[in-house]
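The basis for the numbers below is simple: all heavy atoms, side chains too, and nothing from hydrogens, waters or symmetry mates. Nothing here was measured: the structure is a model prediction, and the numbers come from that model. So that the names make sense, note that chain A is the first sequence line, chain B the second, and so on, each numbered from 1.
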Number of protein chains: 2
Amino acid sequence: MAGIDDVARRAGVSTATVSRALSGRGPVSAATRDRVRAAADALGYVVSASASSLATGRTRAVGVVVPFLDRWFFSTVLAGISDGLVRRGYDITLYSVSEDPAERRRVFDDHLRRQRIDAVITIALELDAAESAHLRGLGVPIVAIAGPNPLLTTLTVDDLAVGRLATAHLLDLGHRRIAHIGDDGAGSADTGSSVPALRRHGFVRSLADAGVDDAWVEAADFTIEGGSAAATRALTAAAPPTALFAASDEMAIGAILAARALGLRVPEDVSVIGVDGHELGRWFGLTTVDQFARGQGERAAAEVLDELDGAEPARGRGTLPFELVDRGSTAPPRA
Amino acid sequence: MAGIDDVARRAGVSTATVSRALSGRGPVSAATRDRVRAAADALGYVVSASASSLATGRTRAVGVVVPFLDRWFFSTVLAGISDGLVRRGYDITLYSVSEDPAERRRVFDDHLRRQRIDAVITIALELDAAESAHLRGLGVPIVAIAGPNPLLTTLTVDDLAVGRLATAHLLDLGHRRIAHIGDDGAGSADTGSSVPALRRHGFVRSLADAGVDDAWVEAADFTIEGGSAAATRALTAAAPPTALFAASDEMAIGAILAARALGLRVPEDVSVIGVDGHELGRWFGLTTVDQFARGQGERAAAEVLDELDGAEPARGRGTLPFELVDRGSTAPPRA
DNA sequence: CTGTTAGCGCGTTCAA
DNA sequence: TTGAACGCGCTAACAG
């Protein structure tokens, strides 16, 4: 593989000039710049990432940390991030962290600290204090998507408001017996500020505001299967709810499938609303609160690039849009 | 950030010994190794990736090249790769390439050549000769999943056999008017050996073997929407098929939804079979040829790690398992 | 088993 | 505007 001195020799200049010509930093006459570029092209020369990083301290790579790769929301946000970063010549280094504490520690203590990345984006990651500290300790820009974290610059939708919006939609239709499918607050590490918890809080408060005391919550794990099971439990109860608010579209779809399996029609017999804007929702006529996942990724990429360009980190929390999309899975309760 | 000499000073040894102790290469007494490790832990020292790479030529990172991030098959395979690689301490650098030639060239000519990765895994990528050459030119192990490519070591299911298996299943049930939803061979760059083309060939040949001449193909783009549209076209034709073989589960699900929308029951009025093993298939009772996507990723990771450990590249093509999973969306045609 | 030394390939001073 | 020379942080070869 051709090195910088091959290019220098071929162009009849010094390596310093090659470096300046190709990076654009420092003065180079147009003529020599062209000659250098031609030589580089002819030789197929590409700057070595490690040598360049070692010399400059910059890597032209951004680390993206995700808890899941194979769930719709995460892969969609990731696609948005990728779009935004690739255009600017950045590579993405992917860190998938599970719940396993040992593996998590490996990622936060080792992998992320190898000085391989110029910035970090996390997606819906619930970090403990030590992990947040480790991230900050990296000394690079950090953007946390969908993880309201007092210790980090975050970019997040107002999930409390999302919970309120979905609940208000059902209340406005006249529903009073509503079950929420999602996080039930029983999780051990729940700080109350996780995305699932906030959606639930929005639900509970909206009900309270409307004078409904009974806030029914069925725990589920954000999969179709979990949503289906939770909905089945609710709908087969003695006094079943007239509406279901699922904290994700995947669970909402599970709920619709469960309702169908029980011989119930949606929305005639039971209304269902979700959150996400999952592409599949369209096929189920699912009413949802869209949070524009791909846009979140693009936005995070833009924010990170800004900070790498020297912009000040957005103070506190960037706020992300959301919107009710009514596709027909909700209707007034039956008389 | 602590450097290697900080550790050396604290442990009372030379930097070379620190390097040896932490990397495990070269002889170090147990006692000093422990002292060095303790010092490194105390200082929170982690080897700088760029410095280490520059010195060794190894990066401990694997590049993964994908055409899509937000489609089930790709994110699932990616999850499998990640699992396999993270366990062994490798990072993943993600390269998402679109159809756009300029962007593709940037990825193949620049990004991949920055000497940032020790190996490459591609997922269902159709590469032209120049791109294949560029990959080979990297001089690193390459494993191509699901892209039968004569120029590369590939790991792929026998998609011709997959097409045959699905078609045979329908033929065995007694179907004779079968439409294939997928690639119609009209694509410009189709070499005839792409995954979609092979599945279609399997379909066509199976029919021919059974003495059925009319091989009906409806083009679709591997999305639910595309599958739905193609199925609608087929099922509203003058003499509609009694069975549909979709080249992916997403299209098969679209076909089921389209059939329902037309008031047709599956499988009573029309049988549907897909390919993939998409998790959603279960909820639609979709009969499919499962290809164990996550396992493909794990297998590719293992193969790459083997080659990095010095094993010979698997000659020719590694073969991946597939299996018919009957969930009830196929049945004999109506009398 | 351990220390010394010379690069790995590039970016960036500082002089010219 | 250009070139020479040093150093980024670590590893590998060689001595001891």
What residues from residues 53-63 of chain B pass a heavy-atom cutoff of under 4.0 Å to DNA chain C? Leu54(B), Ala55(B)
About how many Å separate CG of Leu94(B) and OG1 of Thr93(A), when rounded to the nearest 0.5 Å? 9.0 Å
Are Leu152(A) and Arg136(A) packed together at the side-chain level, in the sense that at least one heavy-atom pair is separated by less than 4.5 angstrom? yes
Checking Arg71(A) now: which residues fulfil salt bridge (Lys or Arg N to Asp or Glu O under 4.0 Å) with it, not counting sequence neighbours? none
Tightest non-hydrogen contact, residues Arg106(A) and Gly89(B), listed as NH2-N, 4.2 Å
By side chain to side chain donor-acceptor pair (under 3.5 Å) - contacts of Arg114(B) (at least two apart): Asp91(A)
Which heavy atom of Ser53(A) sits nearest to which heavy atom of Ser50(B), and what is that distance? CB-CB, 3.7 Å
Nucleotide interval of DNA chain C bounded by contacts with chain B (heavy-atom cut-off, under 4.0 Å): dC1(C) to dG9(C)
Students should find this one: the first and last nucleotides of DNA chain D, 5' to 3', lying under 4.0 Å from a heavy atom of chain A. What are they? dT1(D) to dG9(D)
Without hydrogens or angle criteria, can the side chains of Ser14(B) and Thr17(B) be said to hold a donor-acceptor pair below 3.5 Å? yes
Side chain to side chain, Asp6(B) and Tyr45(B), heavy atoms closer than 4.5 Å: no
Should Gln296(A) and Val157(A) count as side-chain neighbours, where that means a heavy-atom distance under 4.5 Å? yes
Applying salt bridge (Lys or Arg N to Asp or Glu O under 4.0 Å), name anything that partners Asp309(A), two or more places apart in sequence or on another chain. Arg88(A)
Could you list the residues that satisfy salt bridge (Lys or Arg N to Asp or Glu O under 4.0 Å) with Asp118(B), not counting sequence neighbours? none
Report yes if the side chains of Phe73(B) and Ile123(B) come closer than 4.5 Å at any heavy-atom pair, otherwise no. yes
Could you tell me if the side chain of Val195(B) sits less than 4.5 Å from the side chain of Phe222(B), heavy atoms only? no
Kindly indicate whether the side chain of His134(B), heavy atoms from C-beta on, has any atom under 4.5 Å from the side chain of Arg113(B). yes
Taking five pairs at each end, how big is the angle between the two axes of the helix from dC1(C)-dG16(D) to dA16(C)-dT1(D), to 10°? 30°
Check side chain to side chain donor-acceptor pair (under 3.5 Å) between Ser29(B) and all other residues, then give those that pass, not counting sequence neighbours. Thr32(B)
Near DNA chain D, under 4.0 Å by heavy atom, which residues of residues 14-24 of chain A? Ser14(A), Ala16(A), Thr17(A), Arg20(A)
What pair of heavy atoms forms the shortest contact from Ile117(A) to Gly63(A), and how long is it? CG2-N, 3.4 Å
List the residues meeting salt bridge (Lys or Arg N to Asp or Glu O under 4.0 Å) with Glu307(A), not counting sequence neighbours, and say none if there are none. none
Using a 4.0 Å cut-off on heavy atoms, which residues in residues 28-43 of chain B reach DNA chain C? List them by number, or say none. Val28(B), Ser29(B), Thr32(B)
